[in-house]
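Numbered from 1 within each chain, the chains take letters A, B, ... in sequence-line order.
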Number of protein chains: 2
Amino acid sequence: MRPRNISVMLVDDHAVVREGYHRLLEKHEGITVVAEAADAAGAYQAYKSNNPDVVVMDVSLPGRGGIDAIRQIRQWDPNARLLVFTMHLSATFALQAFRAGAKGFVTKSSPPELLVSAVCDVAAGRVAICPEVSEAIARSRLQEDASVIDTLSPREFEVLRMLLDGRTAEEIAAAFNLSPKTVSNYHYAIKSKLGVSSDVELVLFGLRSGLVTLVEERKH
Amino acid sequence: MRPRNISVMLVDDHAVVREGYHRLLEKHEGITVVAEAADAAGAYQAYKSNNPDVVVMDVSLPGRGGIDAIRQIRQWDPNARLLVFTMHLSATFALQAFRAGAKGFVTKSSPPELLVSAVCDVAAGRVAICPEVSEAIARSRLQEDASVIDTLSPREFEVLRMLLDGRTAEEIAAAFNLSPKTVSNYHYAIKSKLGVSSDVELVLFGLRSGLVTLVEERKH
DNA sequence: TTCGACGTCAGGCAAATTTCCCAGGACCTC
DNA sequence: GAGGTCCTGGGAAATTTGCCTGACGTCGAA
């Protein structure tokens, strides 16, 4: 019982990129893009007024992260079907997304058709995971380093991402609408769970687990 | 003396994204996409056989980074016109790109038309920088970019390296036979000189300047 | 329905650390 | 000598850390 026509909402902070897969999806009959948003807040508003069948969203959004946006939307509509579409090839990210209520996870380096079929899958109520990610998840299950990070609660994970981005406690508190004290409590809880004792070790940990991505430049 | 028809080559490791602005650019008359590549090596090969007027490339490529690819292409054809198109809004990154020989720098969050006009500008021999980036460059110019790390005294540099290794102040003090107090004074001085306000930013700085090397191991 | 286990949020408070300024001494150079 | 930088740490205020506390909401099991 798949809908004859699937309405899709796109969430991505990069206008050009959004424009790009807007065209890509619309070229396929049966898929119509009915709304777009550039950040978490906009996504929530747009979802409420457009009620799309599927939301295709990047998780690295400015302001409150995409994981948080997923939870927010799922809270308003527990049947919302969200497909995460991101450049991050990380088991950790994917697990966090699914825990928040996502129904699919596709990387941007996948072949274009895969995004289209993933949208159809999610619209039909199926779960869609691209091969790379399912492989990464399987592999991470074998390691314990990545599994430690999966013990973080969704909020803790979001705070961690902000911290690793170099934000101060005040900035994070403002972004999430929390007390600075709460943020520093999370900060402490994160360090405890991950078994590190300083911020430096925290970043180093994030580096190893792929949460921090370094743009490498080689001086030949 | 602008070419009536601009031939463009796209380099981006994300197939869907590449497909996206492929369509975007082709929609404009006067622009034809003649080649695509997904990594640095492929870009070099494709450039040699297609000789496009303009190369639009993401710099966060797998393997040898995009900066390196720019240098390689410019070495083969000193007149190559390369437009960097990336999600990174970073002055140092842009400066690195221009130093390598890029002629333009546009972020992916720019409005779509800006990419099109930037392609035309670069094709016509002009330099194209999107407003966000030129502002970031201007701002970074004010805070003395000239290898800030060289202003560190020898001791400061040593302490910095230990810090970036995850050592505590006590460990460093013991290693150098100093008072822990002195170490924390150095710690403070280092952060002041480098213009960062937290340890997280400090590690991120070390990362960018190559002081911290991520040991990445291939797991297949 | 009641229970307990979590997750979220935030206040309190002592201890520790950071921040910022300062100063003495060693070692250069002019 | 005078003037510069570097190394070294003290002092005091400001802030963070570490760990506790409790309230509230949800969810699944008993």
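- Within residues 179-193 of chain A, the residues approached by DNA chain C to less than 4.0 Å at the level of any non-hydrogen atom are A:S179, A:K181, A:T182, A:N185, A:Y186, in residue-number order.
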Going through the distances and angles, do A:S117 and A:E113 end up as a side chain to side chain donor-acceptor pair (under 3.5 Å)?
-> CA-CA 6 Å; A:S117 64; A:E113 314 82 54; over 6 Å; no
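- One interatomic measurement links the two molecules: CZ of A:R74 to P of D:dT26, which rounds to 16 Å at whole-angstrom precision.
- To the nearest angstrom, C1' of D:dT17 lies 15 Å from CD of A:E201.
- Atom CZ in A:R155 sits about 17 Å away from atom P in D:dG25, given to the nearest Å.
- Mapping B:A169 and A:E156 onto DNA chain C via the closest heavy atom, the residue that lands nearer the 5' end is A:E156.
- Cation-pi geometry between B:R155 and B:F176 is met: the NZ or CZ atom falls under 6.0 Å from the ring centre, inside 45° of the normal.
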Check step by step if side chain to side chain donor-acceptor pair (under 3.5 Å) holds for A:Q45 and A:S49.
-> CA-CA 7 Å; A:Q45 291 305 321; A:S49 41; over 6 Å; no
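- Among the heavy atoms of the strands, none lies under 4.0 Å from B:E158.
- Considering CG of A:L160 and CG of A:D165, their distance stands at 10.5 Å, rounded to 0.5 Å.
- Salt bridge annotation for B:K191-B:D199: present, with a cationic side-chain nitrogen under 4.0 angstrom from a carboxylate oxygen.
- The pair A:K103-A:D121 does not meet the salt-bridge criterion, since no charged nitrogen lies less than 4.0 angstrom from a carboxylate oxygen.
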Would B:T86 and B:F105 count as a side-chain contact (heavy atoms from CB on, under 4.5 Å) if you check the C-alpha gap in whole Å, the side-chain angles of each, and the deciding distance to 0.1 Å?
-> CA-CA 8 Å; B:T86 182; B:F105 197 100; 3.6 Å; yes
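- With salt bridges taken as basic N to acidic carboxylate O contacts below 4.0 Å, one links A:D58 and A:K108.
- Nucleotide D:dT26 holds its P atom 13 Å from the CZ atom of A:R71, rounded to whole Å.
- Whole-Å rounding puts the A:L202 CG to D:dT16 P distance at 16 Å.
- Nucleotides of DNA chain C lying under 4.0 Å from heavy atoms of chain A occupy a range whose first and last members, 5' to 3', are C:dG7 to C:dC13.
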Candidate pair A:L114 and A:V106, rule side-chain contact (heavy atoms from CB on, under 4.5 Å), full reasoning = CA-CA 8 Å; A:L114 208 145; A:V106 174; 4.0 Å; yes
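- The closest donor-acceptor contact from the side chain of A:S7 to the backbone of A:D53 lies under 3.5 Å.
- Shown here is A:K27, whose NZ atom has no more than 12 heavy atoms of other residues, nucleotides or ligands within 6.0 Å.
- The terminal axes of the helix from C:dT1-D:dA30 to C:dC30-D:dG1, fitted over 5 pairs per end, subtend an angle of 30° to the nearest 10°.
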